[in-house]
J.: 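Dumping the structure here so I can ask a few things about it.
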Amino acid sequence: QKTTIKLGGLVVEGRMDRLNREQSRIDDRTEKERHDMAEQSARLKRIALVAPPMILGALYLLGTRLPPVHTRQRTVTIPQSPETLWRVLTDLDGMPAWRKDLTALERLPSPEGTMRWREVGEHGTIAFERIEARAPERLIFRSADRRDGAGRRWEYRIRGTDGGAEFSVTEERTITNPLLRVLLRV
């Protein structure tokens, strides 16, 4: 049985069973493509759900292998004597005049003779305590606040040079969160 189909200006003639088989192959291929696309979409969704926790887990594991103490150091030469630099660094009342990040400084009670103070500035309010002072060469202090910076420690070293002083600042920060250990090293 011969069939004629007119589609716009196109005339297709052929046997109906052959046309049905061709349409069935097209339908099968379209169904397979839809199935493949659905499988690919499901695979991508699984990856999107599994990848972030796996990456975080890997970063956490990496962080547990890194040392908990993060150290930064900076050294500059200053055209002032070590004694002058020492006086400036240990004058708590004068600090707000030369430190741009500091708006106020308040002395705190000093148990056991430890010098303590609270700084108010662009980074919030933080209490500090002096650990060691060996004039005019070494000053060590740490954060006394347990909420911010527990485990933060600064060491100032001053060494006389021809016509000035070499000033080194070392900051040590103990980081308990393994993810933060990784982020600080990136």
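Basis for what follows: all heavy atoms, side chains included, without hydrogens, waters or symmetry-related copies. Positions are given from 1 along the sequence. Please read all numbers here as calculations on a predicted model, not as lab measurements.
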J.: Evaluate the side-chain proximity of Val169 to Gln73: yes if any heavy-atom separation is below 4.5 Å, no if none is.
T.: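 Side-chain contact under 4.5 Å: no.
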J.: Measuring from Ile140:CD1 to Arg134:CZ, what's the distance to the nearest 0.5 Å?
T.: 8.0 Å
J.: Side chains of Asp93 and Met95, heavy atoms from C-beta outward: is any pair under 4.5 Å?
T.: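 With C-beta onward as the side chain, the pair stays apart.
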J.: Arg99 and Glu119: which non-hydrogen atoms are nearest, and at how many Å?
T.: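 Residues Arg99 and Glu119, closest heavy atoms: NH1-OE2, 2.9 Å.
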J.: Heavy atoms only: give me the nearest Gly164-Pro82 pair and the separation to one decimal.
T.: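 Minimum heavy-atom separation between Gly164 and Pro82: O-CD, 4.0 Å.
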J.: State whether Glu132 and Arg138 are salt-bridged, where the test is any N-O pair (Lys NZ or Arg NE/NH1/NH2 against Asp/Glu carboxylate O) under 4.0 Å.
T.: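 Yes, this pair counts.
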J.: Can you confirm whether Glu166 sits close enough to Ile158 that some side-chain heavy atom of one is under 4.5 Å from a side-chain heavy atom of the other?
T.: no
J.: Any idea which heavy atoms bring Leu179 and Leu56 closest together, and the distance?
T.: CD2-O, 3.8 Å
J.: How long is the span from the OG1 atom in Thr90 to the CZ atom in Arg130, to the nearest 0.5 Å?
T.: 7.5 Å
J.: Has the side chain of Arg173 got a donor or acceptor atom that lies under 3.5 Å from a matching backbone atom of Arg152?
T.: no
J.: Should Leu85 and Val76 be regarded as members of a common hydrophobic cluster, given that ILVMFWY residues are connected when their side-chain heavy atoms come within less than 4.5 Å of each other, either directly or indirectly?
T.: yes
J.: Hey, are the side chains of Val120 and Leu105 touching, using non-hydrogen atoms and a 4.5 Å cut-off?
T.: no
J.: Give every residue pair that meets the side chain to side chain donor-acceptor pair (under 3.5 Å) criterion with at least one member in residues 38-58, sequence neighbours excluded.
T.: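 Matches after skipping sequence neighbours: His35-Glu39.
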J.: Does Gly113 offer a backbone N or O that forms a donor-acceptor pair with the side chain of Ser110 under 3.5 Å?
T.: no
J.: Suppose the criterion is ring pair (Phe, Tyr, Trp, His ring centres under 6.0 Å): which pairs have a residue in residues 157-182, not counting sequence neighbours?
T.: Tyr156-Phe167
J.: Would a 4.5 Å heavy-atom cut-off, applied to side chains only, mark Arg185 and Leu66 as touching?
T.: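 Side chain of Arg185 against side chain of Leu66, heavy atoms only: contact under 4.5 Å found.
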J.: Run the salt bridge (charged side-chain N to carboxylate O under 4.0 Å, His left out) test against Arg87 and tell me which residues pass, sequence neighbours left out.
T.: none
J.: Quick one: do Ile47 and Leu49 end up in the same hydrophobic cluster if we chain Ile, Leu, Val, Met, Phe, Trp and Tyr together by side-chain heavy atoms under 4.5 Å apart?
T.: no
J.: Name all pairs fulfilling the ring pair (Phe, Tyr, Trp, His ring centres under 6.0 Å) condition that reach into residues 77-109, sequence neighbours left out, sorted by first residue then second.
T.: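 Non-adjacent pairs meeting ring pair (Phe, Tyr, Trp, His ring centres under 6.0 Å): zero.
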J.: Taking side chain as C-beta onward, heavy atoms only, is Ile175 less than 4.5 Å from Pro68?
T.: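 Answer no - side chains too far apart.
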J.: Check this for me, if you would: do Glu129 and Arg142 make a salt bridge, where the nitrogen-to-carboxylate-oxygen distance has to be below 4.0 angstrom?
T.: yes
J.: Apply side chain to side chain contact (heavy atoms under 4.5 Å, CB included) to the pair Leu92 and Met115, showing each step before the final yes or no.
T.: CA-CA 10 Å; Leu92 293 179; Met115 181 182 284; 3.5 Å; yes
J.: Residues two or more places apart in sequence or in another chain: which of them pass ring-ring contact (aromatic ring centres under 6.0 Å, His included) with Phe128?
T.: Trp117, Phe141, Trp154
J.: Can you list every pair that meets side chain to side chain donor-acceptor pair (under 3.5 Å) and has a residue in residues 55-72, with sequence neighbours left out?
T.: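 Listed by first then second residue: Arg72-Glu171.
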J.: With a 4.0 Å cut-off, would you call Glu155 and Arg157 a salt bridge?
T.: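 Looking at Arg157 together with Glu155, the answer is yes, because their closest N to O distance falls below 4.0 Å.
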J.: Decide yes or no on side chain to side chain contact (heavy atoms under 4.5 Å, CB included) for Ser168 and Arg74, but give the supporting numbers first.
T.: CA-CA 6 Å; Ser168 296; Arg74 174 85 190 239; over 6 Å; no
J.: If I compare all heavy atoms of Pro109 with all of Arg116, which pair ends up nearest, and what's the gap?
T.: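 Answer, listing the atom of Pro109 first, then Arg116: O-CD, 3.5 Å.
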